[in-house]
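As the structure is a computational prediction, the values presented were derived from the model and not from experiment.
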Amino acid sequence: QVTLVESGGGLVQAGGSLKLSCVATGSIFYFNDMHWYRQAPGKQRELVAAITTGGSINYADSVEGRFTISRDNVKNTMYLQMNSLKPEDTAVYYCNAQQVNLWGQGTQVTVSS
């Protein structure tokens with residue numbers, strides 16, 4: 001059974017950077033649009049960034065210009081480079097493979113002020 005595993009979360013000061021990774025244990029990237037979501041305490045899960053199989057990219061307005069999503073289909077890995085982090089970016093970040101509706105377990109990102 002294929003799983004998604006996120007890594008790269010942690011504690012960082014405001015203005016700092018983190019790079020998240022999402023690795024699939026099987027070859028599913030070639031036919032899946034991939035997403036990063038996040039969920040802060042007491043809030044609904046929200047879409048942060050998306051990248052299609054064709055490479056089209058979209059970002060939430062709140063992260064546009066600060067976050068960069070990318071993917072490597074050969075390595076079955078997706079990335080989220082997060083710069084200029086703000087306390088409001090604090091959340092559990094999840095990766096999602098859309099066509100197979102597969103979710104990772106999440107990785108915690110905490111940004112201190």
_If I compare all heavy atoms of Ala50 with all of His35, which pair ends up nearest, and what's the gap?_
CB-CD2, 3.2 Å
*Nearest-0.5 Å distance that lies between atom CH2 in Trp36 and atom CE in Met82*: 8.0 Å
*How long is the gap from CD1 on Ile57 to OH on Tyr59, to the nearest 0.5 Å?*
4.5 Å
_Using only atom types and a distance under 3.5 Å, with no angle test, would you say the side chain of Asn32 pairs donor to acceptor with the backbone of Met34?_
no
*Would you check if the side chain of Ser84 reaches a backbone N or O of Arg66 as a donor-acceptor pair within less than 3.5 Å?*
no
*asked:* Hydrophobic clustering (ILVMFWY, side-chain heavy atoms < 4.5 Å, transitive) - are Val92 and Val12 grouped together?
replied: no
*Under a single-linkage definition using a 4.5 Å side-chain heavy-atom cutoff for Ile, Leu, Val, Met, Phe, Trp and Tyr, are Val100 and Met78 assigned to the same hydrophobic cluster?*
yes
*Once you round to the nearest 0.5 Å, how far does CD of Gln105 lie from OG1 of Thr3?*
8.5 Å
Compile the donor-acceptor pairs under 3.5 Å between side chains in residues 13-20 and protein atoms, sequence neighbours left out, one pair per line.
| residue | atom | partner | partner atom | Å |
| --- | --- | --- | --- | --- |
| Ser17 | OG | Asn83 | OD1 | 2.9 |

*Applying the 4.5 Å side-chain criterion to the ILVMFWY set and letting contacts propagate, would Val2 and Phe29 be lumped into a single cluster?*
yes
*Backbone N/O of Thr53 and side chain of Asp33: donor-acceptor pair under 3.5 Å*: yes
_Expected output: side-chain Asn101 to main-chain Gln98 donor-acceptor under 3.5 Å_ = no
*How long is the span from the OG1 atom in Thr90 to the CG atom in Leu85, to the nearest 0.5 Å?*
8.5 Å
_In this structure, would Tyr79 and Leu102 fall into the same cluster of hydrophobic residues linked by side-chain contacts under 4.5 Å?_
no
*asked:* Run the side chain to side chain contact (heavy atoms under 4.5 Å, CB included) test on Phe67 and Ile69 for me, step by step, so that the C-alpha distance in whole Å, both residues' side-chain angles and the decisive distance to 0.1 Å come before the verdict.
replied: CA-CA 7 Å; Phe67 290 10; Ile69 189 173; over 6 Å; no
*Supply the atom-to-atom distance Ile51 CD1 to Arg71 CZ, rounded to the nearest 0.5 angstrom.*
6.0 Å
*Rounded distance [0.5 Å steps], CD in Gln108 versus CD in Gln39*: 11.0 Å
*Which heavy-atom pair separates Ser27 from Asn76 by the least distance, and what is that distance?*
CA-OD1, 3.4 Å
*So, does Thr77 use its side chain to make a donor-acceptor pair with the main chain of Lys75 at under 3.5 Å?*
yes
_Expected output: side-chain Glu6 to main-chain Gly106 donor-acceptor under 3.5 Å_ = yes
_How close do Val109 and Gly9 get, counting heavy atoms only, and between which atoms?_
CG2-CA, 4.1 Å
*asked:* Looking at Tyr94, I'd like to know if the NZ or CZ of Arg45 sits under 6.0 Å from its six-membered ring centre while staying within 45 degrees of the ring's axis.
replied: yes
